[in-house]
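Step one of this worksheet: look at the structure below.
For reference, positions follow the sequence shown, starting with 1. A quick note: this is a predicted structure, and the numbers were derived from the prediction, not measured.
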Amino acid sequence: MLVYPSSIDQSSRTLRYPTGRLVARRGEIGSRWRRLTAGRQALLALPHLRCGDTYAQLATGFGIGIATAYRYIREAVEVLAGLAPTLAEAMHVARTKAFVILDGTLLPIDRIASDTPYCSGKHKRHGMNVQVLTDPFGRLLWASPALPGSTHDLTAARVHGIVEALAEGGLKCCADKAYQGAGRPVRVPFRGRRLKRWQRRHNSTHAKIRCLGEQAMATLKGWRLLRKLRCSTNRITAIIQAVLVLHHASA
């Protein structure tokens, strides 16, 4: 197999952060010797998450076995996922904002047709439902654990406790029509064909605000591994949390 130099569109700060966490992790477990240093291990995980490079490709480039590459990447992901902000921490940050934007997205997964719980009726494909909270400028604040793709956005928001957290914090939230019935904290556009002029103006203004939340979705899916996940569905939440931590580290 041929090996060639490449690059990742991330700053050196994005590499230093996981390196420091991995050094601390090795100190905690008393690891004496590794095939790769903590810095090289962090560099191994970054192209997997950012570019979607496979274990075989990375193993060849770093001169290690595929099983070793898998273990190192999984360890790095788990270490980063443990540093992800909780919903309570995200609500604390959100209190300093005028409002937040709530939206859901479907992360495609590699599943067969028989896996009905993972099939989204809206998107007509298999995936995992992830809820995202952003600030008024579309900056990513928090991403939820992944649920099967057949889960409705409103159901997912209730399962994660987002609606209750918004109500308890007295926060204002903008969301799309999928969250109709969420309650007072979540403001949604008016539904129907024969709307009054002021209702149409309200919907237009609401859409301009809510579209900024799409920037967070683009930021999330800028990490190419999330565009087509081929791993176990049990690992997807950790991957999302690791990506969120790296995104905040590079900001």
Side-chain angles (χ1 to χ4, degrees), residues 87 90-91 93-109 111 113-223 226-229 233 236 240 244:
L87 179 59
M91 289 295 110
V93 175
R95 290 189 184 96
T96 63
K97 312 295 181 182
F99 61 90
V100 294
I101 302 172
L102 172 63
D103 202 357
T105 187
L106 186 79
L107 299 181
I109 61 174
R111 283 294 180 271
S114 61
D115 292 328
T116 306
Y118 298 98
C119 184
S120 169
K122 175 182 177 181
H123 298 277
K124 307 299 181 184
R125 64 189 306 179
H126 292 76
M128 300 295 286
N129 181 299
V130 177
Q131 301 295 303
V132 172
L133 284 173
T134 69
D135 69 5
F137 301 98
R139 292 184 292 237
L140 190 59
L141 296 178
W142 179 78
S144 74
L147 292 176
S150 60
T151 309
H152 192 273
D153 282 340
L154 178 56
T155 302
R158 286 173 172 164
V159 168
H160 298 308
I162 300 173
V163 177
E164 292 80 359
L166 291 170
E168 291 176 1
L171 299 171
K172 298 178 181 179
C173 175
C174 291
D176 59 25
K177 296 178 181 178
Y179 299 90
Q180 193 85 30
R184 192 172 197 145
V186 183
R187 299 182 178 182
V188 298
F190 290 102
R191 300 181 65 179
R193 297 182 179 178
R194 298 181 179 179
L195 298 177
K196 296 180 181 179
R197 183 177 299 177
W198 70 269
Q199 291 176 323
R200 292 196 299 270
R201 286 200 303 266
H202 174 274
N203 284 0
S204 177
T205 303
H206 189 277
K208 291 178 182 178
I209 295 173
R210 188 169 44 81
C211 72
L212 295 175
E214 298 297 330
Q215 296 180 13
M217 299 301 181
T219 298
L220 200 61
K221 293 183 178 180
W223 297 78
L226 299 180
R227 298 180 188 178
K228 186 66 173 182
L229 289 156
T233 54
I236 292 177
I240 295 169
L244 180 63

L133 side chain near M91 side chain, heavy-atom distance below 4.5 Å: yes
Residue pair K97, L171: steps toward the side chain to side chain contact (heavy atoms under 4.5 Å, CB included) verdict: CA-CA 9 Å; K97 312 295 181 182; L171 299 171; over 6 Å; no
Minimum-distance pair of heavy atoms, taken over all atoms of G104 and Y179: N-OH, 3.2 Å
Closest non-hydrogen atom pair between A182 and R158, with its separation: CA-NH2, 4.2 Å
Check against side chain to side chain contact (heavy atoms under 4.5 Å, CB included), R139 and L212: CA-CA 8 Å; R139 292 184 292 237; L212 295 175; over 6 Å; no
Heavy-atom side-chain contact between L229 and M128 under 4.5 Å: no
Any L166 side-chain heavy atom under 4.5 Å of V100 side chain: yes
Close side-chain approach of N203 and Q199, heavy atoms under 4.5 Å: no
Interatomic spacing from CG in L107 to NE2 in H126 - rounded to 0.5 Å: 15.0 Å
CA sep, side-chain torsions, deciding dist, call: T134, Q215, side chain to side chain contact (heavy atoms under 4.5 Å, CB included): CA-CA 9 Å; T134 69; Q215 296 180 13; over 6 Å; no
Reported CD-to-CG distance for the pair E214 and D176, which is rounded to 0.5 angstrom: 8.5 Å
Working for side chain to side chain contact (heavy atoms under 4.5 Å, CB included), residues D153 and Q131: CA-CA 7 Å; D153 282 340; Q131 301 295 303; 3.1 Å; yes
Side chain to side chain, T105 and K221, heavy atoms closer than 4.5 Å: yes
